[in-house]
There are 2 protein chains.
Amino acid sequence: MTPQPHHSRGSLSPSLEHYLRAIFDLQENKGYARVTDIASMLGVAKPAVSAAVKTLRSNGLVSHRVYESILLTEEGAKRAKGVSGKFSILMHFLTDVLGVEEEQAFVDACVMEHYVSGNSIDRFLDLLRFFEEPGNQEILEKFHQFRRSCESVDTCPTCSYHCDISVIDFDDMSKKIKQSKRRV
Amino acid sequence: MTPQPHHSRGSLSPSLEHYLRAIFDLQENKGYARVTDIASMLGVAKPAVSAAVKTLRSNGLVSHRVYESILLTEEGAKRAKGVSGKFSILMHFLTDVLGVEEEQAFVDACVMEHYVSGNSIDRFLDLLRFFEEPGNQEILEKFHQFRRSCESVDTCPTCSYHCDISVIDFDDMSKKIKQSKRRV
DNA sequence: TAATAATGTTAAATTTATTTAACAATGTTT
DNA sequence: AAACATTGTTAAATAAATTTAACATTATTA
């Protein structure tokens, strides 16, 4: 009889976070989330959902009696809302600001929402808002014109970014980070 | 005697891609990459490196005789350069444009480089260049002022983005994507 | 050159996330 | 209510990426 954590303040894996948000969105849009809905939404098999829900349940983020639909707890809803908000910010940024195709933006936002820090998301939001400021829309329009003009030039289908951007030294950076951790 | 693929055009896992780039950076900066260097750079145990190198080798991306240092093949170097370029673009974007702290930017760029599509990276690069255009630096400066003014307002340490950004419907989007796949 | 230190590998175990196959529970239809 | 369809679970297997412990190889040094 090992005591189980009934709610966790710890961080979720990207995968579990994604399940959590799917449940949130289904709950918002149809009022409830069933295993099959989640499975089809995320493109995974049902047992994967069962397993994920079990873990979320043991973390106190959903309540779920077997064979019934899944409900977010207060804590679960709070977290899901956070992820959902990140997604929206990223999606708007990618499509409205950068001009990324909607489908591509969706795929990218769906992974970034789990991997990009809250700090950076805040900055993305700042930039999004900056372009919404009165008078700044024309700057965005100017960028879109610029973008269309260089698009054909620098797009590398092989993802080989041999561009003129100054290279940042990964090795150096990782050392720097380590040192700063040591200081703490 | 199953025939092994001596080089693959397929895609690498984020983890393997990260090893590949670490090897590239070490090779660039010290001329060679040893297991211990890679392990300490990435903060993993040595057997993890051995295993990763073995896989990279079977994919024809590195050449490595046991107990000797690891060399990228031509194909390996090409791929590593691509990842490294993505990293630099992201790093510049996060620090120079968004104004994210260097350490945070490093962490974020290190995951984004593997997860964000080439399409979106191209758009990040466009925006980076837009701000470098003569006359546009002052726009960036204007943004930085704007950013500093709203920073304290919208930063949510709990990552709860209950902001005024219009919510994008994940459920709808995922259906749309599925339909478009069906069309193909 | 023998002992020691550093470096690298193998083996075994663990964790997470997934799949398929089989089964159980629930809902619907005739 | 019985048959069938849908939905959900459990069990077993797999794959990727990791760890620790033990061992092998190579390099250094006393």
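Computation of the quantities below employed the complete heavy-atom set of this structure, encompassing side-chain atoms and omitting hydrogens, waters and symmetry-equivalent molecules. These figures come from a predicted structure and were not determined experimentally. Note on naming: letters A, B, ... go to the chains in the order of the sequence lines (proteins, then strands), and numbering restarts at 1 for each one.
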query = Does a salt bridge link A:Lys176 with B:Glu103, judged by any charged N lying under 4.0 Å from a carboxylate O?
reply = no
request  = Between C:dA17, C:dT18, C:dG8, spot the one nearest the side chain of B:Ser50, thanks.
outcome  = C:dG8
task = Before accepting this row, confirm whether a basic side-chain N of the pair A:Arg65/A:Glu68 lies closer than 4.0 Å to the acidic partner's carboxylate O.
result = yes
task = Send over the distance from A:Tyr19 OH to C:dA17 C1', rounded to a whole Å.
result = 7 Å
query = To the nearest Å, how far apart are A:Tyr67 OH and C:dC23 P?
reply = 13 Å
ask   = OP1 or OP2 of C:dT18 sitting under 4.0 Å from any side-chain N/O of A:Ser15?
value = yes
query = Which two nucleotides bound the region of DNA chain D that has atoms under 4.0 Å from heavy atoms of chain B, read 5' to 3'?
reply = D:dA17 to D:dT26
query = So what does B:Thr55 hit on the nucleic acid, given a heavy-atom distance under 4.0 Å: a base, only sugar-phosphate, or nothing?
reply = nothing
inquiry  = Without decimals, in angstroms, what is the distance between A:Asn59 CG and C:dT16 C1'?
reply    = 13 Å
ask   = Salt bridge or not for B:Glu141 and B:Arg148, using N-O below 4.0 Å?
value = yes
Presence of salt bridge, A:Lys78 and A:Glu74, under 4.0 angstrom = no
inquiry  = Check for me, please, whether B:Phe24 and B:Met41 land in the same ILVMFWY cluster - side-chain distances under 4.5 Å, paths through other members count.
reply    = yes
ask   = Under 6.0 Å from the six-membered ring centre of A:Phe130 and within 45° of its axis: does the NZ or CZ of B:Arg147 meet both?
value = no
ask   = What is the nucleic acid contact for A:His18, judged by heavy atoms within less than 4.0 Å: base, sugar-phosphate only, or nothing?
value = nothing
request  = Answer with base, sugar-phosphate or nothing: what part of the nucleic acid does B:Val49 contact at a heavy-atom distance below 4.0 Å?
outcome  = nothing
inquiry  = What is the separation between atom NE2 on B:His64 and atom P on C:dT7, rounded to the nearest whole Å?
reply    = 14 Å
inquiry  = Rounded to whole Å, how long is the line connecting atom NZ of A:Lys46 with atom P of C:dT19?
reply    = 12 Å
message = Rounding to an integer number of Å, can you tell me how far A:Arg65 CZ sits from C:dA25 P?
response = 16 Å
message = Can you see whether A:Ser117 engages B:Gln104 through a side-chain donor-acceptor pair at a distance of less than 3.5 angstrom?
response = yes
remark   = When rounded to whole Å, the NE2 to P distance for the pair A:His114 and C:dT16 reads 17 Å
ask   = Under 4.0 angstrom, heavy atoms only, what part of the nucleic acid is B:Val66 near: base, sugar-phosphate, or nothing?
value = sugar-phosphate
